[in-house]
2 protein chains.
Amino acid sequence: MSEHGFDVVGEARDGVEAVNMAYSLNPDVILMDVSMPEMDGVEACRQVRAAVPGTKVVMLTMHADQEVLANAIRAGACGYLVKDCSTEEIASAVRMASTGDTALSPQLAASMLDEVRKLDMAPTREDRVVTKREEEVLQLIADGCSTSEVADQMYISQKTVKNHLASIYQKLDARDRTQAVLQAVRMGIVSLE
Amino acid sequence: MSEHGFDVVGEARDGVEAVNMAYSLNPDVILMDVSMPEMDGVEACRQVRAAVPGTKVVMLTMHADQEVLANAIRAGACGYLVKDCSTEEIASAVRMASTGDTALSPQLAASMLDEVRKLDMAPTREDRVVTKREEEVLQLIADGCSTSEVADQMYISQKTVKNHLASIYQKLDARDRTQAVLQAVRMGIVSLE
DNA sequence: CACGTATTGGGTCGAACGGTCCATCTAGCA
DNA sequence: TGCTAGATGGACCGTTCGACCCAATACGTG
């Protein structure tokens, strides 16, 4: 398998196995799938980076999910590829990782930059005025849900929905859900169907 | 006064006098001011058209109020001028009225067409899903007003505001003010600031 | 380890909300 | 002259909402 410029020293079937093998084999690069049994790739990446700092991790995923990408970057991944890329592209990404470079699928480059921007500029300019859960509450209410319906769909109690709303009221300078949703629509936080 | 092609046979100081004089003098055309003591021009126009069908009425007003214009057209006015037009334009409008034509100030022509459109197409396509007052309530709530604030600004009781809202809920298929306002925004009934 | 934030949740309380009855008044219509 | 729709209100009732307390858990930062 040295035709690509590197040797495959091992294969793991799940996250736990990957971490153990990384510890014993101490490879230069690990090609890690996001979706894995026992332990997902992002968590495995985090543990590998903590246990074996010299090992580079390239993540491989099915979907260009920005949320997962962000977590992978935070976990210390040195590359992130979507699965529809060619074998040569994967090999290239592994070689780049070994030399300290970062490989990234084109369709992920843009959201990658956005994520880095958020990470770096979070203290100076907070784009996310409301948290993820608060945003979910706003969108559901905009979609016509009552408090109890929001609670059911988010698998939380009505009280928690109200807590999120109370937090939203402060952040969006609203005094009731009507104003909060309207403000969220103006700010582009939620969509109007 | 025949320099303009017609004679002035009388002048009335208020709406009641205008109706009486129209009945006795049976003029070809009446130049009627919208704002008049005793009886406003629109009502006077209505009564003249009922009592003396052959008489044409040209309305004269200070403001290009679409609501008043609509009422005047319904009242049977054959022309509608804003007061900043020239003497010759007024004379022209009177002559046109006498021959059965309709004179209209340019700035009123557009809203006139809109009004005609509404009148003709009202049975087939009801643009106005909510009434004028209901629309006011929706806009104020969209602007951030509470029930009591809406009541204050519209000079009505909170109960009436609630009544309007209840009517709105049925028409817009909403169950609370949040959904009602959002639906109104989607339908373009109210503006988002 | 302490600290802040996010998320989850409980309880209470007064105000607001929505629904259901009802009545009055005005316009426009048949 | 009724009839209908619109606008205006009143009274009542149950539910919901928002504000104000509070606490437990988890997570990341310093």
Side-chain angles (χ1 to χ4, degrees), chain A residues 42-43 46 49-50 67 70-71 73-76 118-120 122-123 126 128-138 141 144-181, chain B residues 39-40 42-43 46-47 49-50 67 70-76 118-119 122-123 126 128-138 140-141 144-181:
Chain A
V42 174
E43 180 56 26
R46 197 189 321 276
R49 294 289 299 168
E67 191 82 14
N71 290 332
I73 298 301
R74 289 197 195 91
K118 279 181 188 172
L119 252 56
D120 289 345
E126 184 63 38
R128 175 170 235 85
V129 284
V130 296
T131 67
K132 197 164 93 289
R133 295 295 268 177
E134 287 165 359
E135 189 178 316
E136 288 181 50
V137 171
L138 278 171
I141 291 180
C145 292
S146 66
T147 299
S148 61
E149 288 168 347
V150 171
D152 290 344
Q153 291 196 32
M154 290 180 66
Y155 301 104
I156 55 179
S157 75
Q158 296 189 26
K159 188 59 189 64
T160 302
V161 175
K162 289 187 179 184
N163 284 342
H164 286 317
L165 280 172
S167 172
I168 289 167
Y169 297 152
Q170 284 189 301
K171 293 176 179 175
L172 299 193
D173 190 32
R175 48 180 172 180
D176 54 42
R177 59 188 61 208
T178 303
Q179 291 313 305
V181 172
Chain B
M39 183 193 296
D40 74 279
V42 174
E43 180 56 25
R46 198 190 321 276
Q47 296 198 12
R49 295 288 301 166
E67 193 79 22
N71 290 330
I73 298 300
R74 289 197 195 90
K118 279 182 189 171
L119 253 57
E126 185 62 37
R128 175 166 235 88
V129 283
V130 295
T131 67
K132 197 163 91 291
R133 294 297 266 177
E134 287 164 359
E135 190 178 316
E136 288 180 51
V137 171
L138 279 171
L140 285 171
I141 290 179
C145 292
S146 66
T147 301
S148 61
E149 287 168 347
V150 171
D152 290 344
Q153 290 197 34
M154 290 180 68
Y155 301 105
I156 55 179
S157 75
Q158 296 190 27
K159 187 59 186 66
T160 303
V161 175
K162 290 186 179 183
N163 283 341
H164 286 315
L165 280 171
S167 173
I168 289 167
Y169 297 152
Q170 285 189 301
K171 293 175 179 175
L172 299 194
D173 192 31
R175 47 181 173 178
D176 54 43
R177 58 189 61 210
T178 302
Q179 291 313 305
V181 172

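Lettering follows sequence order; numbering is per chain, from 1. Every heavy atom of this structure was used, including side-chain atoms; hydrogens, water molecules and symmetry mates were not.
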- Can you check the K171(B) NZ to dA5(D) C1' distance for me, whole Å? 9 Å
- Query: Rounded to whole angstroms, how far apart are CG on D152(A) and P on dG9(C)?
  - Reply: 12 Å
- Task: Could you tell me which non-hydrogen atom of I168(B) sits nearest to which non-hydrogen atom of A180(B), and how far apart they are?
- Result: CG2-CB, 4.0 Å
Under-3.5 Å N/O pairs linking protein and nucleotides 17-21 of chain D:
unit_1, atom_1, unit_2, atom_2, d
dC17(D), OP1, T147(A), OG1, 3.1
dC17(D), OP1, R177(A), NH1, 3.2
dC17(D), OP2, T147(A), OG1, 2.9
dG18(D), OP1, Y169(A), OH, 3.0
dG18(D), OP1, R177(A), N, 2.8
dG18(D), OP2, Y169(A), OH, 2.7
dG18(D), OP2, R177(A), NE, 3.3
dG18(D), OP2, R177(A), NH2, 3.0

- Testing dT7(C), dT8(C), dT8(D) for proximity to the side chain of T131(A), the answer is dT7(C)
- Go through L172(B) and L138(B) one step at a time and tell me if the side-chain contact (heavy atoms from CB on, under 4.5 Å) criterion holds. CA-CA 11 Å; L172(B) 299 194; L138(B) 279 171; 4.1 Å; yes
- Query: To the nearest angstrom, how far is E134(B) atom CD from dA5(D) atom P?
  - Reply: 13 Å
- Note on the structure: Residues passing the side-chain hydrogen bond (donor to acceptor under 3.5 Å, both in side chains) test with E43(B), sequence neighbours excluded, are R46(B), Q47(B)
- For the pair made of CZ in R133(B) and C1' in dA27(C), what is the distance, rounded to whole Å? 15 Å
- Query: Closer than 4.0 Å, any side-chain N/O of T160(B) to the OP1 or OP2 of dA7(D)?
  - Reply: no
- Nearest-0.5 Å distance that lies between atom CZ in R177(A) and atom CD in Q179(B): 10.0 Å
- Say you draw a straight line from CG of D152(B) to OG of S157(B); how long is it, rounded to the nearest 0.5 Å? 10.5 Å
- A151(B) and Q158(B) have their tightest heavy-atom pair at CB-N, 3.7 Å
- Query: If you round to the nearest 0.5 Å, how far is CD1 of I141(B) from CG of L165(B)?
  - Reply: 4.5 Å
- Qualifying residues under side-chain contact (heavy atoms from CB on, under 4.5 Å), relative to N163(B), sequence neighbours excluded: K159(B)
- For residues 163-174 of chain B, pull every pair meeting salt bridge (charged side-chain N to carboxylate O under 4.0 Å, His left out), keeping only residues two or more places apart or in separate chains. E134(B)-K171(B)
- Task: In whole angstrom, give the distance that lies between atom CD1 of I156(B) and atom P of dA7(D).
- Result: 10 Å
- SB check K132(A) E135(A) (cutoff 4.0 Å): no
- Task: Pick base, sugar-phosphate or nothing for S157(B), based on heavy-atom distances below 4.0 Å to the nucleic acid.
- Result: sugar-phosphate
Please list, for nucleotides 25-27 of chain D, all pairs of protein and nucleotide N/O atoms separated by less than 3.5 Å.
none

- Message: How many whole angstroms separate atom OH of Y155(A) from atom C1' of dG9(C)?
- Response: 19 Å
- For dT8(D), does either OP1 or OP2 sit under 4.0 Å from a side-chain N or O belonging to H164(B)? yes
- How sharply is the helix from dC1(C)-dG30(D) to dA30(C)-dT1(D) bent, taking the axes over five pairs at either end and rounding to 10 degrees? 40°
- Item | d(CD, E149(B); P, dA15(C)) in whole Å | 16 Å
- Message: Looking at every heavy atom in both R133(A) and M154(A), which two are closest together, and how far apart are they?
- Response: NH2-O, 3.3 Å
